[in-house]
Every structure is written in C-alpha cells, then in structure tokens.
Amino acid sequence: NNMSWIYLSHTLSESTPLYNDDGGIQIQKLHKMSDGDSCNSSHLSMPVHSGTHIDAPYHFDQNGKTLDQYPADFWIASKPIMIEVIAKPGCLLTYNLVKDHLVKIPADSDMLLIRTGAEFWRNNGTDDYSKKGVGLDLDLADWIRVNLDLKIIGFDFISLSSPLHRATGRLSHQALLSEHPS
C-alpha cells in the first residue's frame, strides 16, 4: 500500500492568528515537573474558530448537525483533490476565477482543497491573513454545492468568510453548510 498521509493542521500557540483578531489563545501551565510537580499539565482557553478548525452545519443552521454527530471515519477522505488559485488579501474566490480548475475535479472526489498562497501570510508581520483573508463568493459556494458531491472543503485561508466581506461569507457558509436531502 503506497498511501501517504498529509497532516492538514497547525499547532496552536498564543501567537496563532485568529479570524479578525477575535479573542486570543491562552495556555496556562498548571503543573510543571521542573517545579517539582508529578506531571506537566496545562489549561487551554480559546475561541472555537482558532487555528485549523471545522465548521459543522450547526454553525449556520440551528437544526444542523454538530461535529460530534459525525462518525469518526467521516473525516477520512479517500479521494481528495487540490486546486491552486493564487489570490491576494481580501480577494473573493468567484466561480469565474476558478472555473478552469473546477472542470478538472473528478466526479468521485470527496474532499476539495483550495490553495491560494494565503498560508504564507500567517506569519508575515501583517494582518493580511487574520483581517484581510481570502473568502468564497456565493456564486462559487452555490456551484460547488450543486455540482460536486463533496463531504469536506478545505483551504489555506483563515475562514470561508473573508473579514472584509462578512455578509457574503455568511451566505457562502449557509450555502455550503445547510442540510440538503441526499
């Protein structure tokens, strides 16, 4: 078996950039063996949208599923596909901008990863990643929902909703997270 695994998560720290700099991550050392305690232990406090995270349908649908309602194997993608569309801070990815990439997605793909280059803004000393991030425009979200049978969409920007285009981001979240009959 030549299957290889790719870890898609970031390590959390007190300097992890958060969406629109909303809140902060606090890590408090409770016990330290170096101080004579019997173990090392910490307390972690953070917003739920810290670092790499998953939005469940409940995020924008009062009756939608929460993460704990999915079986563990749901989160394993067997046929992922990645497209690369270089974007600038604050850009909304529209259907027209990415349509040439969309036609190359196999019909049996179960996860779509979108790489825009935003990943490299995380630690560049600006607020490009946290306050001006890339987002998905509603026309693209609608197209994906109607035309692709995906269970997961992932991307290298901080949220589906760009902090500069929050109203559009809410609509795109609703389009992708609302429960639709199979």
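Treat the numbers as computed from the prediction; the structure is a model and nothing was measured. Side chains are part of it too, since the values below use all heavy atoms of this structure and drop only hydrogens, waters and symmetry mates.
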**Study point:** Residues, nucleotides or ligands: over 12 heavy atoms within 6.0 Å of Tyr95 OH
**Key:** yes
Study note, to complete from the structure: Minimal heavy-atom distance between Pro163 and Asn20, with the atoms involved, is CB-OD1, 3.9 Å
Exercise for review: Write down the atom of Ile25, the atom of Met46, and the distance for their closest heavy-atom approach.
Suggested key: CG1-CB, 3.8 Å
Exercise for review: Could you grab the distance from atom CZ of Arg115 to atom CD1 of Ile86, nearest 0.5 Å is fine?
Suggested key: 7.5 Å
Review point. If only atom types and distance count, is the side chain of Glu14 paired as donor or acceptor with the main-chain N or O of Ile27 below 3.5 Å?
Key: yes
Review point. Relative to Phe74, does Lys151 satisfy both conditions: NZ or CZ under 6.0 angstrom from the six-membered ring centre, and within 45 degrees of the ring's axis?
Key: yes
Check your understanding: How long is the gap from CG on Asp21 to CD1 on Ile158, to the nearest 0.5 Å?
Key -> 8.0 Å
Check your understanding: Closest heavy-atom contact between Pro47 and Asp22?
Key -> CG-O, 3.6 Å
Point to revise | Residue pair Leu148, Trp143: steps toward the side chain to side chain contact (heavy atoms under 4.5 Å, CB included) verdict | key: CA-CA 8 Å; Leu148 299 176; Trp143 189 93; 3.8 Å; yes
Practice item. List the steps and the verdict of salt bridge (charged side-chain N to carboxylate O under 4.0 Å, His left out) for Asp110 and Lys79. Key: CA-CA 5 Å; Asp110 56 356; Lys79 301 207 175 175; over 6 Å; no
Exercise for review: Show your reasoning for whether side chain to side chain contact (heavy atoms under 4.5 Å, CB included) applies to Thr168 and Asp137.
Suggested key: CA-CA 6 Å; Thr168 298; Asp137 204 353; 3.3 Å; yes
Check your understanding: Mind checking whether His101 and Val85 have side chains closer than 4.5 Å, heavy atoms only?
Key -> yes
Practice item. Would you name the heavy atoms of Lys29 and Ser42 that are closest together and state the gap between them? Key: CD-OG, 3.6 Å
**Study point:** Shared hydrophobic cluster for Ile54 and Met111 (ILVMFWY, side-chain gaps under 4.5 Å)
**Key:** yes
Check your understanding: Should Leu140 and Leu164 be regarded as members of a common hydrophobic cluster, given that ILVMFWY residues are connected when their side-chain heavy atoms come within less than 4.5 Å of each other, either directly or indirectly?
Key -> no
Practice item. Show your reasoning for whether side-chain hydrogen bond (donor to acceptor under 3.5 Å, both in side chains) applies to Ser161 and Ser159. Key: CA-CA 5 Å; Ser161 175; Ser159 173; 4.9 Å; no
Practice item. Kindly determine whether Asp55 and His49 satisfy side-chain hydrogen bond (donor to acceptor under 3.5 Å, both in side chains), including the steps that lead there. Key: CA-CA 8 Å; Asp55 287 344; His49 285 95; 3.0 Å; yes
Check your understanding: Given side chains that start at C-beta, do those of Pro89 and Trp121 come closer than 4.5 Å, heavy atoms only?
Key -> yes
Review point. In Å and rounded to the nearest 0.5 Å, what is the CD to CG distance from Gln174 to Leu160?
Key: 11.0 Å
Practice item. Give a yes or no on whether Leu44 and Leu18 share a hydrophobic cluster (residues Ile, Leu, Val, Met, Phe, Trp, Tyr; joining criterion: side-chain heavy atoms under 4.5 Å apart). Key: yes
Check your understanding: Hey, any chance Met82 and Trp75 share a hydrophobic cluster, counting ILVMFWY side chains that come within less than 4.5 Å of each other, even indirectly?
Key -> yes
Check your understanding: Looking only at heavy atoms, which two atoms of Tyr70 and Thr66 are closest? And how far apart?
Key -> CD1-O, 3.5 Å
Exercise for review: Apply side chain to side chain contact (heavy atoms under 4.5 Å, CB included) to the pair Leu92 and Leu136, showing each step before the final yes or no.
Suggested key: CA-CA 5 Å; Leu92 282 178; Leu136 259 65; over 6 Å; no
Practice item. Say whether, by atom type as modelled, one donor and one acceptor occur between the side chain of Ser45 and the main chain of Gln26 under 3.5 angstrom. Key: no
Point to revise | Value rounded to 0.5 Å, distance of CG in Leu177 from OG in Ser172 | key: 10.0 Å
Practice item. Over 60° means perpendicular and under 30° means parallel, so classify the ring planes of His173 and His59, tilted if in between. Key: perpendicular
**Study point:** Between Ser178 and Asp61, a side-chain donor and acceptor under 3.5 Å
**Key:** no
Check your understanding: Is Leu176 reachable from Leu138 through a run of I, L, V, M, F, W or Y residues, each pair having side-chain heavy atoms under 4.5 Å apart?
Key -> no
Review point. Any side-chain heavy atom of Leu113 within less than 4.5 Å of one from Ile83?
Key: no
Review point. Should Lys131 and Thr126 be marked as a side chain to side chain contact (heavy atoms under 4.5 Å, CB included) after you check the CA-CA gap, both sets of side-chain angles, and the distance that decides it?
Key: CA-CA 9 Å; Lys131 290 189 171 185; Thr126 72; over 6 Å; no
Practice item. To the nearest 0.5 angstrom, please state how far the CD atom of Glu119 sits from the CG atom of Asp156. Key: 6.0 Å
Point to revise | Crowding at CG, Asp35 (>12 non-hydrogen neighbours, <6.0 Å) | key: yes
Check your understanding: Once you round to the nearest 0.5 Å, how far does SG of Cys91 lie from CG of Leu97?
Key -> 5.5 Å
Point to revise | Under 3.5 Å donor-acceptor, His53 side chain and Gly51 backbone | key: yes
Practice item. Measure across Gly64 and Gln69 and return the closest heavy-atom pair with its distance rounded to 0.1 Å. Key: O-OE1, 4.2 Å
Point to revise | Minimum side-chain heavy-atom gap Asp139-Asp142 below 4.5 Å | key: no
Check your understanding: Are the side chain of His165 and the backbone N or O of Gly90 linked by a donor-acceptor pair below 3.5 Å?
Key -> yes
**Study point:** Donor-acceptor contact below 3.5 Å, side chain Ser162 vs main chain Gly133
**Key:** yes
Exercise for review: With side-chain hydrogen bond (donor to acceptor under 3.5 Å, both in side chains) as the test, would you mind laying out the steps for Thr94 and Asn96 before giving the verdict?
Suggested key: CA-CA 5 Å; Thr94 64; Asn96 282 334; 5.6 Å; no
Practice item. Would you please classify the geometry between the Phe157 ring and the Phe155 ring as parallel, tilted or perpendicular, with 30° and 60° separating the classes? Key: parallel
